[in-house]
Amino acid sequence: MKEIDFEKKKVILENDIISYCYLVLADGFVGISSKYQKKPKDKQIGFEVRLTNSQKLNQKADLNFGITRKGYAWVFTQENYTTIGFTDLYDKNIKYLELLKEFASKKGYSIDTKNIKGAFIPRRVEKLNYHNALLIGDAAGLVDSLTQEGIYYALVSAKEAVYAIKENNLTLYKKNMKTVVKELNASRIIANIFYNPFISKRLWKPKKKKTNNSFRIYLFKKVLTGNDFSYQKIHSYLKEYKKSRKENDNEYRIY
């Protein structure tokens, strides 16, 4: 694709021109649709490598903080595969491939940097539409700033885009996405606090040295597994966490 003529509703290819009635841009954070967004001042980046297990293993999620400045690292074990990766606020001076290799080694895995895959991740919600085109998923910046999860929001935005097109009313898309956008904006505020160096060193750490308990892990579990999770309920989650600490001091762990 060379360019899009929004006025004439035409997509200009190398050797062809395609006319459209409705256009959905789902080409990710750095696709052609990025030309019509504001240039981001900073970028989040993610790296991951996938390994085949020699035998079937139980599912396990190992979350780690402090490996990167503004992100987290993980080892997700499934029956046949294990994925190892991390996210961070991009810094061109950091050798991320070597950093991931070192992290994997500490976890007992040997990886080849040639097998590592990486991608830039949006840090904030941008435009949901541009002229007569609808942007969905990463193209619109629909990513949770805390976990860098975007698949769920890509599916939700696709569903709402289809509905707006079906109703022949593109304004419905932005209207029906208001709740999602509000939640993602809240996630960015929480993430800025969550990954703040001062808070990481002093407030997220458990008071008892014998346990690795942390509100950070508690909140992460809520985000990843809670069907009705909302960043706007952060105060209620803090109360739940304090209560759970008293009942079971070893349930949530930080590494």
Side-chain angles (χ1 to χ4, degrees), residues 1-50 71 76 81 83 85-90 92 96-97 113-188 191:
M1 183 187 301
K2 294 179 64 176
E3 63 176 295
I4 303 170
D5 188 331
F6 294 100
E7 297 297 329
K8 296 181 179 180
K9 293 187 176 182
K10 294 182 183 294
V11 176
I12 303 172
L13 306 177
E14 194 69 37
N15 299 309
D16 199 2
I17 297 177
I18 300 175
S19 298
Y20 66 86
C21 292
Y22 299 103
L23 183 64
V24 176
L25 297 173
D27 53 347
F29 181 52
V30 294
I32 193 170
S33 62
S34 63
K35 292 169 54 178
Y36 312 108
Q37 300 277 27
K38 292 181 180 179
K39 295 292 183 182
K41 294 181 179 179
D42 47 32
K43 303 175 184 178
Q44 196 79 14
I45 198 165
F47 287 97
E48 185 176 80
V49 63
R50 187 182 188 187
F76 292 149
Y81 299 96
T83 56
F86 59 58
T87 70
D88 192 19
L89 182 63
Y90 178 66
K92 64 180 181 180
Y96 286 109
L97 299 185
T113 54
K114 292 186 295 185
N115 296 326
I116 298 175
K117 296 181 179 180
F120 284 111
I121 307 168
R123 284 179 54 79
R124 57 184 55 81
V125 180
E126 296 291 351
K127 297 175 182 176
L128 293 179
N129 67 287
Y130 188 83
H131 290 278
N132 45 38
L134 302 180
L135 290 84
I136 68 173
D138 282 16
L142 299 172
V143 172
D144 185 311
S145 296
L146 187 68
T147 64
Q148 308 307 318
E149 161 59 29
I151 296 177
Y152 170 77
Y153 300 105
L155 294 174
V156 170
S157 59
K159 179 181 177 181
E160 294 299 343
V162 169
Y163 177 74
I165 292 172
K166 179 183 177 182
E167 295 297 313
N168 194 28
N169 185 356
L170 299 190
T171 60
L172 287 175
Y173 178 57
K174 191 173 183 179
K175 179 181 178 181
N176 293 340
M177 288 292 291
K178 276 186 177 180
T179 301
V180 172
V181 172
K182 188 175 182 180
E183 186 69 12
L184 292 180
N185 286 337
S187 81
R188 189 171 73 253

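In this chain, residues are counted from 1 in sequence order. What's counted below: heavy atoms across the whole structure, side chains too, no hydrogens, waters or symmetry copies. No experiment lies behind these values; they were computed from the predicted model shown.
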Verify the neighbour count for atom NZ of K43: are there more than 12 heavy atoms of other residues, nucleotides or ligands below 6.0 Å? no

Please find out if less than 6.0 Å separates the ring center of Y36 from that of F6. yes

If you round to the nearest 0.5 Å, how far is [atom2] of [Y] from [atom1] of [X]?
{"X": "N129", "Y": "L134", "atom1": "CG", "atom2": "CG", "result": "6.5 Å"}
{"X": "S187", "Y": "R124", "atom1": "OG", "atom2": "CZ", "result": "11.0 Å"}
{"X": "T83", "Y": "E48", "atom1": "OG1", "atom2": "CD", "result": "4.5 Å"}
{"X": "E167", "Y": "I165", "atom1": "CD", "atom2": "CD1", "result": "11.5 Å"}

Could you check if a side-chain atom of [X] sits within less than 4.5 angstrom of a side-chain atom of [Y], using non-hydrogen atoms only?
{"X": "K9", "Y": "L23", "value": "no"}
{"X": "I136", "Y": "L25", "value": "no"}
{"X": "H131", "Y": "I4", "value": "no"}
{"X": "D144", "Y": "Y153", "value": "yes"}
{"X": "V11", "Y": "D16", "value": "no"}

In sequence, state the C-alpha distance, the side-chain angles, and the governing distance for R188 and R123, and then conclude on side chain to side chain contact (heavy atoms under 4.5 Å, CB included). CA-CA 8 Å; R188 189 171 73 253; R123 284 179 54 79; 5.6 Å; no

Has E149 got a side-chain atom pairing as donor or acceptor with Y152's backbone, closer than 3.5 angstrom? yes

Check whether the side chains of D88 and Y96 place a donor and an acceptor atom closer than 3.5 Å, and report yes or no. yes

Under the criterion side-chain contact (heavy atoms from CB on, under 4.5 Å), which of V24, L135, L128 is the partner of Y173? L128

